[in-house]
Amino acid sequence: MVKSRFGHLQINIHPENVGFYKDLFSFLGWDVIYDNPNMVGVGIASGESLWFGKGIKDLANDYDGIGVNHIAINVETQGMVDETVAYLQAHGVPALFETPRHRPEFSMGEGMTYYQVMFESPDRILFEVVYIGAKA
């Protein structure tokens, strides 16, 4: 059996939105590992990375169609989800799907929670920031 782990994901965007991703992921504690006007790469210490770069075709993303639905970023506390909500509000990014909220159907049992906020980027990439753990 081959042993593997997640490496990176490239997400095609409009280049004028590079700053949105750079700022968002800096706020979320990711390091900027590559930065130019057409692409930004962000990563975490364990080596995983996301790359946001200029798309070749000018097609609208539809997260409810075939392909990736959303990208989830786990945080360490329920309060960090709320901090993300405040960040999004300050940057004019609305929360979607009646979030932030607890999702008991996804929690891992009594006293636990799945607490999330969902939002989309200027390129209609759907993101989730989620805390999974003991309910505060």
Side-chain angles (χ1 to χ4, degrees):
M1 176 177 20
V2 173
K3 185 175 181 181
S4 65
R5 64 180 179 90
F6 177 78
H8 71 272
L9 181 64
Q10 177 185 324
I11 301 100
N12 292 338
I13 63 166
H14 290 98
E16 63 268 18
N17 296 327
V18 163
F20 172 86
Y21 302 98
K22 180 179 173 183
D23 294 346
L24 172 66
F25 280 88
S26 292
F27 168 79
L28 291 171
W30 292 53
D31 294 320
V32 174
I33 56 178
Y34 183 82
D35 185 12
N36 81 31
N38 290 316
M39 179 172 278
V40 65
V42 295
I44 55 177
S46 55
E48 295 85 359
S49 61
L50 298 172
W51 295 79
F52 299 94
K54 180 180 179 181
I56 297 171
K57 297 178 181 178
D58 190 18
L59 299 173
N61 185 56
D62 182 352
Y63 47 78
D64 285 331
I66 300 299
V68 175
N69 176 265
H70 70 279
I71 299 170
I73 305 299
N74 289 14
V75 293
E76 295 178 354
T77 68
Q78 187 174 313
M80 289 179 180
V81 174
D82 294 328
E83 288 178 47
T84 302
V85 172
Y87 172 90
L88 295 171
Q89 289 173 339
H91 290 84
V93 179
L96 302 176
F97 314 122
E98 300 174 4
T99 64
R101 67 177 170 152
H102 296 278
R103 298 294 300 269
E105 67 272 29
F106 298 143
S107 72
M108 303 293 198
E110 191 173 326
M112 303 296 281
T113 192
Y114 187 105
Y115 184 64
Q116 68 173 166
V117 62
M118 296 196 76
F119 59 96
E120 68 179 33
S121 75
D123 298 292
R124 295 207 69 233
I125 309 299
L126 187 60
F127 288 93
E128 173 185 29
V129 174
V130 60
Y131 165 70
I132 304 168
K135 192 170 186 176

Would you say Ser107's side chain and Pro104's backbone share a donor-acceptor pair under 3.5 angstrom?
->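 Yes: the side chain of Ser107 pairs with the backbone of Pro104.
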Rounded to the nearest 0.5 Å, what separation is found between the [atom1] atom of [X] and the [atom2] atom of [Y]?
X      : Y      : atom1 : atom2 : result
Asp62  : Asn69  : CG    : CG    : 9.5 Å
Leu24  : Leu88  : CG    : CG    : 7.0 Å
Arg5   : Ser46  : CZ    : OG    : 6.5 Å
Asn38  : Glu16  : CG    : CD    : 10.0 Å
Ile73  : Ile44  : CD1   : CD1   : 8.0 Å
Lys135 : His102 : NZ    : NE2   : 4.5 Å

Any residue meeting salt bridge (charged side-chain N to carboxylate O under 4.0 Å, His left out) with Glu76, in chain and number order, not counting sequence neighbours =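 Salt bridge (charged side-chain N to carboxylate O under 4.0 Å, His left out) check on Glu76 returns nothing, list empty.
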For residues [X] and [Y], determine if any side-chain heavy atom of one lies less than 4.5 Å from a side-chain heavy atom of the other.
X     : Y      : value
Met39 : Lys54  : no
Leu50 : His8   : no
Ile33 : Trp51  : yes
Ile71 : Ile125 : yes

Same cluster for [X] and [Y] if Ile/Leu/Val/Met/Phe/Trp/Tyr side chains link at under 4.5 Å?
X      : Y      : answer
Tyr34  : Leu28  : no
Val130 : Leu126 : no
Ile11  : Val42  : yes
Val81  : Met112 : no
Met80  : Phe27  : yes

Where do Val117 and Tyr87 land on the side chain to side chain contact (heavy atoms under 4.5 Å, CB included) test, with the steps shown first?
-> CA-CA 12 Å; Val117 62; Tyr87 172 90; over 6 Å; no
For [X] and [Y], which I'm curious about, is there any donor-acceptor pair between the side chains at under 3.5 Å?
X      : Y     : result
His14  : Asp58 : yes
Glu120 : Tyr63 : yes
Tyr131 : Thr77 : no

Candidate pair His70 and Met118, rule side chain to side chain contact (heavy atoms under 4.5 Å, CB included), full reasoning | CA-CA 9 Å; His70 70 279; Met118 296 196 76; 3.9 Å; yes
Return the set of residues passing side-chain hydrogen bond (donor to acceptor under 3.5 Å, both in side chains) with Asp82 (not counting sequence neighbours), or none when no residue passes.
-> Tyr115
Could you walk me through whether Ser121 and Ile13 pass the side chain to side chain contact (heavy atoms under 4.5 Å, CB included) test, one step at a time?
-> CA-CA 10 Å; Ser121 75; Ile13 63 166; 5.9 Å; no
Would a line drawn from the ring center of Phe25 to the ring center of Phe52 be shorter than 6.0 Å?
-> yes
If you count the non-hydrogen atoms of other residues, nucleotides and ligands that lie under 6.0 Å from CE in Met108, is the total more than 12?
->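 No, because the 6.0 Å sphere around CE of Met108 holds 12 heavy atoms or fewer from other groups.
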Could you walk me through whether Val85 and Phe119 pass the side chain to side chain contact (heavy atoms under 4.5 Å, CB included) check?
-> CA-CA 9 Å; Val85 172; Phe119 59 96; over 6 Å; no
